[in-house]
Amino acid sequence: MAEDLFTEIKVHQQKTFDGDLFPTVLSPKLGGAITTSHDLSVFTEAIRAYKPWLQSLLLKSGAIFFRGFPVSTASDFNDVVEAFGFEELPYIGGAAPRSKVIGRVFTANESPLDQKIPFHHELAQVPKFPSKLFFFCETAPAKGGETPIVLSHIIYQRIKEKYPEFVERLEKHGLIYTKALKEEDDHTSAFGRGWKSTFLTHDKSVAEERAAELGLRLEWEEDGGVKTITGPIPAIRTDESRQRKVWFNSMVRAYTSWGDARNDQLKAVTFGDGEPLPADIIFDCATILDDESVESVAIPWQQGDFLLLDNWAALHARRPSHTPRRVLASLCK
């Protein structure tokens with residue numbers, strides 16, 4: 001039985017929604033095979049054997065935080081991801097600068113650690129996004145650097161209650177995202193991915209083909225860069241597995257952080273009909289998302305922790321850190 005190998009624990013950062021703890025936190029059962037052997041292969045076999053049970057926890061909670069398992073390196077993490085058996089989603093079309101580490105594992109975001117990354121659903125600004133994603137803590141920061149998570153349907157409900165007409169416009173028109181990319185990555189920016197790594201090619205014609213597959217339009221610029229235009233694309237989606245609407249967009253992230261020498265962040269996202277978004281409401285949405293006293297959960301990372309996140313259920317962010325931190329990621333269809 002799964003209970004012979006895994007045990008649900010409580011940490012004080014968890015919150016309760018509709019009677020369920022968010023996120024679910026699992027550790028090895030004391031005296032169980034994983035604990036006594038401290039062998040990664042025992043753990044990966046347990047994942048394969050009890051995948052349906054783990055998926056039921058994910059469906060109920062929206063996120064599972066694993067602590068205390070024998071996962072120490074990027075290679076270990078890759079083995080864990082493989083054990084779950086979810087199909088890989090290549091990281092094409094995303095804004096964050098990332099590098100492949102091993103197998104299905106890459107860096108989470110290579111921008112300076114003192115930069116905050118606002119709440120967003122992974123790849124919500126493109127039509128092909130992951131259904132699930134993993135994060136793994138290879139090096140834990142001494143302070144800060146958490147990956148906060150928040151349930152998307154709760155955010156949708158709160159914003160709709162406060163701004164019903166705004167949400168109605170979002171549901172009717174969706175959003176258009178516009179972003180200018182350099183040729184190469186800019187690691188000083190949390191969204192500084194260049195077009196060559198965005199589309200995994202040095203060939204403009206291949207980039208155009210891959211952009212078209214993602215529903216992006218490209219406008220090439222004289223300096224070798226390119227402007228990408230996506231949408232209209234839904235800002236509110238329905239999570240079919242749970243039958244509820246979710247705040248599935250990167251609107252706040254784009255509007256508040258996609259600004260640099262090439263991009264005006266206030267024009268990075270508009271309504272799907274081209275009309276500008278109301279700045280006061282967008283900044284208040286950011287406040288609602290960051291209201292950790294009510295909604296979001298941020299469990300401090302410890303080395304070896306990993307998080308399985310249902311991208312339909314929850315948004316995630318990154319808090320600043322001023323000490324070394326290395327968190328790795330993997331995306332699943």
Side-chain angles (χ1 to χ4, degrees), residues 89-98 109 111 117-131 133 152 156 166-167 169-183 185-186 189-201 203-221 224-238 245-260 262-279 282 285-286 311-312 315-317 331 333:
L89 180 76
Y91 185 60
I92 300 175
R98 293 174 170 175
N109 190 308
S111 63
I117 298 177
F119 277 103
H120 60 287
H121 283 277
E122 190 68 22
L123 293 176
Q125 73 276 15
V126 294
K128 293 183 179 181
F129 49 83
S131 66
L133 57 153
S152 190
Y156 169 77
F166 171 64
V167 172
R169 285 200 67 186
L170 287 176
E171 295 197 65
K172 180 179 180 180
H173 297 292
L175 295 168
I176 294 174
Y177 297 90
T178 303
K179 179 159 49 71
L181 309 179
K182 295 181 179 180
E183 283 191 77
D185 289 354
D186 176 5
S189 170
F191 74 102
R193 203 174 184 208
W195 69 259
K196 291 180 180 178
S197 60
T198 295
F199 300 111
L200 304 180
T201 183
D203 188 321
K204 289 185 178 181
S205 62
V206 174
E208 289 174 353
E209 291 174 5
R210 291 178 178 171
E213 291 173 0
L214 290 171
L216 279 67
R217 303 187 301 280
L218 301 186
E219 295 179 1
W220 295 100
E221 300 178 338
V226 67
K227 179 183 289 185
T228 66
I229 304 163
T230 313
I233 191 170
I236 311 298
R237 294 183 183 268
T238 299
K245 289 186 175 181
V246 289
W247 184 255
F248 202 96
N249 60 73
S250 295
M251 180 180 64
V252 167
R253 184 183 184 188
Y255 200 86
T256 61
S257 67
W258 282 12
D260 60 12
R262 304 178 73 91
N263 293 275
D264 179 352
Q265 63 196 47
L266 302 184
K267 297 179 181 178
V269 58
T270 66
F271 283 114
D273 59 4
E275 290 298 310
L277 298 172
I282 304 306
C285 287
N311 197 37
W312 280 100
L315 304 99
H316 64 280
L331 307 184
K333 289 185 178 179

Are side-chain heavy atoms of L216 and F199 found at a separation under 4.5 Å?
-> yes
Beyond-backbone contact of V269 with I176, side-chain heavy atoms, under 4.5 angstrom = no
Ring-ring centroid check F248 Y156, cutoff 6.0 Å | no
Do L218 and T228 touch side chain to side chain, with heavy atoms closer than 4.5 Å?
-> yes
Which heavy-atom pair separates N249 from A235 by the least distance, and what is that distance?
-> ND2-O, 3.1 Å
Considering only heavy atoms from C-beta outward, does the side chain of K182 approach that of W195 to under 4.5 Å?
-> no
For W312 and H121, which heavy atoms make the closest approach, and how far apart are they?
-> O-CE1, 3.9 Å
In this structure, are over 12 heavy atoms from other groups packed under 6.0 Å from K204 atom NZ?
-> yes
If we only count heavy atoms from C-beta on, is the L123 to Q125 side-chain gap below 4.5 Å?
-> yes
Would K179 and K227 count as a side chain to side chain contact (heavy atoms under 4.5 Å, CB included) if you check the C-alpha gap in whole Å, the side-chain angles of each, and the deciding distance to 0.1 Å?
-> CA-CA 6 Å; K179 179 159 49 71; K227 179 183 289 185; over 6 Å; no
Do D273 and R169 come within less than 4.5 Å of each other through their side chains, counting heavy atoms only?
-> yes
Taking all non-hydrogen atoms of both residues, which atom of T230 and which atom of P127 are closest, and how far apart?
-> CG2-CD, 4.3 Å
With sequence neighbours left out, write down each residue that passes side chain to side chain contact (heavy atoms under 4.5 Å, CB included) with H120, or none if nothing qualifies.
-> I117, E122, S250, R253, H316
In terms of heavy-atom contacts, L170 and M251 come closest through CD2-SD, 4.3 Å
Minimum side-chain heavy-atom gap V252-C285 below 4.5 Å = yes
List the atom of K128, the atom of E213, and the distance in Å for their closest heavy-atom pair.
-> CE-O, 3.6 Å
Is there a donor in the side chain of D203 and an acceptor in the side chain of T201, or the other way round, less than 3.5 Å apart?
-> no
Taking the side chain as every heavy atom from C-beta outward, state whether L181 and R193 have any atom pair closer than 4.5 Å.
-> no
Straight-line distance of N311 CG to S131 OG, nearest 0.5 Å | 7.5 Å
Parallel, tilted or perpendicular, as decided by the 30° and 60° cut-offs, for the rings of F271 and H173 | perpendicular
Of the non-hydrogen atoms in P118 and A317, which two are nearest, and what is the gap between them?
-> C-CB, 3.8 Å
Straight-line distance of K333 NZ to L89 CG, nearest 0.5 Å | 6.5 Å
Please test L277 against L175 for side chain to side chain contact (heavy atoms under 4.5 Å, CB included), starting from the C-alpha separation and ending with a verdict.
-> CA-CA 9 Å; L277 298 172; L175 295 168; 4.0 Å; yes
With sequence neighbours excluded, what pairs up with L266 under the side chain to side chain contact (heavy atoms under 4.5 Å, CB included) test?
-> Y255, D264
